[in-house]
Amino acid sequence: MKRMAWTVLSDNRTDNPALETEHGLSILLETGKHNILLDTGASDIFIRNAERLGVDLKSVDYVFISHGHSDHAGGLRYFLEQNQRAKVIVSPHAISGRFFSRRGRLHSITTAWPDIAAERLMMIDGSCEIDNGLYVIACIPQVCPIPQGNQNLCVEAGGGSYAPDDFRHELALYADGLLFTGCAHSGLENILEACPFPVKQVVGGFHLLDGYESDEELRTVADQLKYKHPETQFYTSHCTGDHAFTVMKNVMKEQLQSFSCGFSPKSY
């Protein structure tokens with residue numbers, strides 16, 4: 001059986017000058033049973049990067065959309081033009097919501113959703129098993145602290161008003177020991193607590209933006225991850241700030257690694 005492997009197709013960073021970057025995230029996960037596109041970035045950059053990396057997007061069985069923000073679902077329309085069979089896993093709250101950010105000025109970060117054939121659309125509003133060994137985690141309890149950068153994020157509440165985003169539209173995906181967090185708006189600790197399976201690798205953004213959590217708060221998060229999940233390897237980029245990563249890296253050492261466009265770690 002083919003071993004688990006994943007390749008970053010879209011991210012804010014890259015060490016490969018042949019690849020393009022953007023504020024977005026897209027990763028191809030190959031489990032040996034399924035090929036799953038984890039988010040689609042903000043545009044069609046992930047498609048061009050896939051071509052340069054020799055990645056065949058027509059082999060994708062499922063597209064997993066972690067939440068409704070445009071930097072994770074903006075490329076979906078382009079993917080559906082390339083792949084005529086993959087099913088789309090998404091929360092109904094992601095499709096129905098209108099999302100905004102107050103960073104800088106109030107601006108929309110809502111995805112322009114393409115038409116998706118009913119037989120290809122899997123709207124998930126509760127944790128469930130999608131296929132053998134492939135699980136979606138929804139309705140994540142926010143017991144531990146959530147990222148402070150969330151304070152700038154809101155949803156349209158009607159009548160020209162806005163309400164804080166409660167991230168009911170956020171999903172996580174688990175497959176054969178790997179947990180994909182998307183942006184982890186619900187908090188990395190909370191997502192791990194909501195996952196009932198053993199986690200070998202955590203992959204995704206942590207939404208720990210520079211200038212929000214103090215160094216002490218970041219060290220506390222890192223200490224908790226190291227204490228509660230000593231056998232888990234963590235990989236992050238996208239919405240994890242450089243300074244936040246450095247502070248956590250000093251605590252977690254080799255247990256925490258960064259990724260960027262083109263990154264593909266050794267399979268397991």
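Computation of the quantities below employed the complete heavy-atom set of this structure, encompassing side-chain atoms and omitting hydrogens, waters and symmetry-equivalent molecules. Everything numeric here is computed off the predicted structure, so don't read it as measured data.
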Is there a side chain to side chain donor-acceptor pair (under 3.5 Å) between Asp131 and His34? Walk through the geometry before answering. CA-CA 9 Å; Asp131 205 338; His34 299 291; 3.0 Å; yes
Taking the six-membered ring for Trp, are His238 and His23 closer than 6.0 Å centroid to centroid? yes
For [X], I'd like to know if atom [atom1] has over 12 heavy atoms of other residues, nucleotides or ligands within 6.0 Å.
X	atom1	value
Glu129	CD	yes
Lys87	NZ	no
Arg52	CZ	yes

Might you point out which heavy atoms bring [X] and [Y] nearest each other, and give the distance in Å?
X	Y	value
Glu213	Leu209	OE1-O, 4.1 Å
Ser66	Gly182	OG-CA, 3.5 Å
Ser26	Gly41	CB-N, 3.7 Å
Thr14	Cys261	OG1-O, 2.9 Å
Asp39	Leu25	CB-O, 3.2 Å
Glu170	His67	CA-CB, 4.0 Å

Pair [X] + [Y], salt bridge at N-O below 4.0 Å:
X	Y	result
Arg85	Asp61	yes
Lys58	Asp56	no
Arg219	Asp223	no

Identified side chain to side chain contact (heavy atoms under 4.5 Å, CB included) counterpart of Asp176 within the set Leu134, Thr31, Leu29: Thr31
Spell out, as yes or no, whether a donor-acceptor pair under 3.5 Å connects the side chain of [X] to the backbone of [Y].
X	Y	answer
Thr220	Glu216	yes
Asp44	Gly75	no
Ser101	Arg103	yes
Asn190	Ser186	yes
Lys249	Leu256	yes
Glu217	Ser214	yes
Gln224	Val221	no
Glu189	Leu225	no
Glu30	Trp6	no
Thr111	Gly68	yes

For the atom pair [atom1] ([X]) and [atom2] ([Y]), what is the distance rounded to the nearest 0.5 Å?
X	Y	atom1	atom2	value
Ser43	Tyr78	OG	OH	7.0 Å
Arg77	Thr40	CZ	OG1	10.0 Å
Phe245	Met252	CZ	CE	9.5 Å

Would Glu22 and Ser10 count as having a side-chain donor-acceptor pair, cut-off 3.5 Å? yes
Do you see a donor-acceptor pair shorter than 3.5 Å between the side chains of Asp210 and His243? no
When the ring planes of Phe234 and Phe206 are compared, do they come out parallel, tilted or perpendicular, using 30° and 60° as the limits? perpendicular
Test Gln148 against Gln151 for side chain to side chain donor-acceptor pair (under 3.5 Å), laying out the working first. CA-CA 6 Å; Gln148 294 181 26; Gln151 63 190 266; 4.8 Å; no
Under the ring pair (Phe, Tyr, Trp, His ring centres under 6.0 Å) test, which residues partner Tyr174, sequence neighbours left out? Phe197
Quick check on side-chain hydrogen bond (donor to acceptor under 3.5 Å, both in side chains): which of Asn12, Asp242, Asp11 does Ser237 satisfy it with? Asp11
I'd like to check Ile47 versus Ile45 (side-chain heavy atoms, cut-off strictly below 4.5 Å). Are they in contact? no
Pair listing, ring pair (Phe, Tyr, Trp, His ring centres under 6.0 Å) test, anchored in residues 84-112, at least two apart: His69-Phe99, Phe99-His169, Phe100-Tyr162
